[in-house]
Amino acid sequence: MNRRTRTTSHRPHTMQPRSKPVAFTPDGALFDQERMMDLRQMEVVVSVADTGGFTAAARRLHVVQSAVSSTVRALERELGAPLFDRTTHRVSLTPAGEAFVPAARATLRAAELAREAVDAVGGQLRGRVTVGTMQGVWAGLHHALAALRAEHPGVVVHLRQAAVADIRQALREGTVDLAVVALDRQQQRGLTTRLLSREDMVLLAAPRRVLAGATPSGEVRLADIGQLPLVDFTPGWAIRYAVDRAFRAAGVDRGTTFEVNDIGAAAELVRNDLGVCIMPKSIADRFPDLPQYRFDRHAPNWKIMVVRPPGEAPPAVAALLRHIT
């Protein structure tokens, strides 16, 4: 009797690939969570953009340079576009990087504000406030900063000093939360402002200089000053904006003999009788050895104000604003 042999086929066991984590957008579409960039990647890219290099960004972030490079490369692969042009001597943003960095800044700031909001609910105000100001404008800001630290020691304040044009741009980009600056009407557009003070400017001259046309009461005319060697501040400074505007209003042409970006340097040039300089009286008062002259008409002036982006101020920013008066 023939025995029938039962054969059993052994199929190889095939492991099914593990599915990727998925989630749904509000409209029901699927997206791949493994391709979602995280805040740390954004922080690294922003640091490279701010510092101008991978090594400098690594120092800021307290990591090794290779970690910064690998993070940027991984994000560029995810995005499908290079964010930086890399050369031997410099690193610069590509068009994709120019578009990415402002959005990344806004996302990082939004995450900070979310944490601040939760802390505020618990009664402990924390967070970061970046304050912009410009040389010559202080408006008692140190008193406000000291009061904020005493009231909310968990709030970290960063101070950034720059030309008014740069501060205005930083406010628009969100890298500065509020600023104490002098802005003209056009520069105030798109910003929330509160006037702190208004101040006329005066002419500063060397003690031995005799000003033609000066009255016994110490007044001068812009028309006479336009003929003198003038110590000017660089374009972008609020003082320069105000002086240029005043000469235009008076219909007076004038040249610039010296152009500086430091108030102390301007005073030294005046002290050595190399030129005269127009500056706000509060700044001129720092140099009591230099005579001051008022203008009879068309006196340059500036308005000191606290400015910030529109909308509701974050808790830490609102706390500082209460102390700026």
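Everything numeric in this text was worked out from a predicted model, so none of it was measured. Along the sequence shown, the residues carry numbers beginning at 1.
Put simply, V48 and L39 are part of the same group of oily side chains (I, L, V, M, F, W, Y) that touch within less than 4.5 Å, one to the next. Cluster membership for L195 and L178, using ILVMFWY side-chain heavy atoms within less than 4.5 angstrom, is shared.
Considering only heavy atoms from C-beta on, V155 stays 4.5 Å or farther from L320 through its side chain. At a threshold of 4.5 Å between non-hydrogen side-chain atoms, the residues Y293 and V202 do not count as touching. At a threshold of 4.5 Å between non-hydrogen side-chain atoms, the residues Y241 and L183 do not count as touching. Inter-residue side-chain proximity for P229 and L274 is flagged as unmet; no heavy-atom pair is nearer than 4.5 Å. Under the 4.5 Å side-chain criterion, counting only non-hydrogen atoms from C-beta, V44 is not in contact with V63. Side-chain contact check for L141 versus I324: some heavy-atom pair is nearer than 4.5 Å. Between V180 and I304 there is a side-chain heavy-atom pair separated by less than 4.5 Å. Between F258 and D232 there is no side-chain heavy-atom pair separated by less than 4.5 Å.
Contacts of R198 classified as side chain to side chain donor-acceptor pair (under 3.5 Å), with partners at least two apart in sequence or in another chain: D200. For L171, the side chain to side chain contact (heavy atoms under 4.5 Å, CB included) criterion is met by I167, V176, A179, L191, V307, P309, not counting sequence neighbours. R128 pairs by the salt bridge (charged side-chain N to carboxylate O under 4.0 Å, His left out) definition with E112, not counting sequence neighbours. The side chain to side chain contact (heavy atoms under 4.5 Å, CB included) search around S92 returns D85, R90, not counting sequence neighbours. For R172, the side chain to side chain donor-acceptor pair (under 3.5 Å) test picks out no residue, with sequence neighbours left out. With sequence neighbours excluded, the residues forming a salt bridge (charged side-chain N to carboxylate O under 4.0 Å, His left out) with D224 are R221, listed by chain and number. Listed by chain and number, the residues in a side chain to side chain donor-acceptor pair (under 3.5 Å) with T133 amount to none (sequence neighbours excluded). For H158, the side chain to side chain donor-acceptor pair (under 3.5 Å) test picks out no residue, with sequence neighbours left out.
A distance of 5.5 Å separates CD in Q135 from CD in Q161, rounded to the nearest 0.5 Å.
For residues 55-74, the set of pairs meeting the side chain to side chain donor-acceptor pair (under 3.5 Å) definition, not counting sequence neighbours, comprises D50-R60, Q65-S69. Evaluation of the side chain to side chain donor-acceptor pair (under 3.5 Å) test over residues 242-252, restricted to residues two or more places apart or in two chains, returns R240-D244, D244-R254. For residues 211-220, the pairs satisfying side chain to side chain donor-acceptor pair (under 3.5 Å) are T215-S217, with sequence neighbours left out. Residues in residues 268-281 take part in these side chain to side chain donor-acceptor pair (under 3.5 Å) pairs, two or more places apart or across chains: R209-D273, E268-R271, R271-D289, K281-D285.
In this structure a side-chain-to-backbone donor-acceptor pair under 3.5 Å is missing from Q188 to T193.
Atom CZ of R297 has 12 or fewer heavy atoms from other residues, nucleotides or ligands within 6.0 Å.
For A246 against L222, the heavy-atom pair with the smallest separation is O-CD1, 3.7 Å. Of all the heavy atoms in P310 and T192, the pair that sits closest is CA-OG1, 3.4 Å.
Shown are I263, T256, V243; of these, the side-chain contact (heavy atoms from CB on, under 4.5 Å) with F233 is made only by I263.
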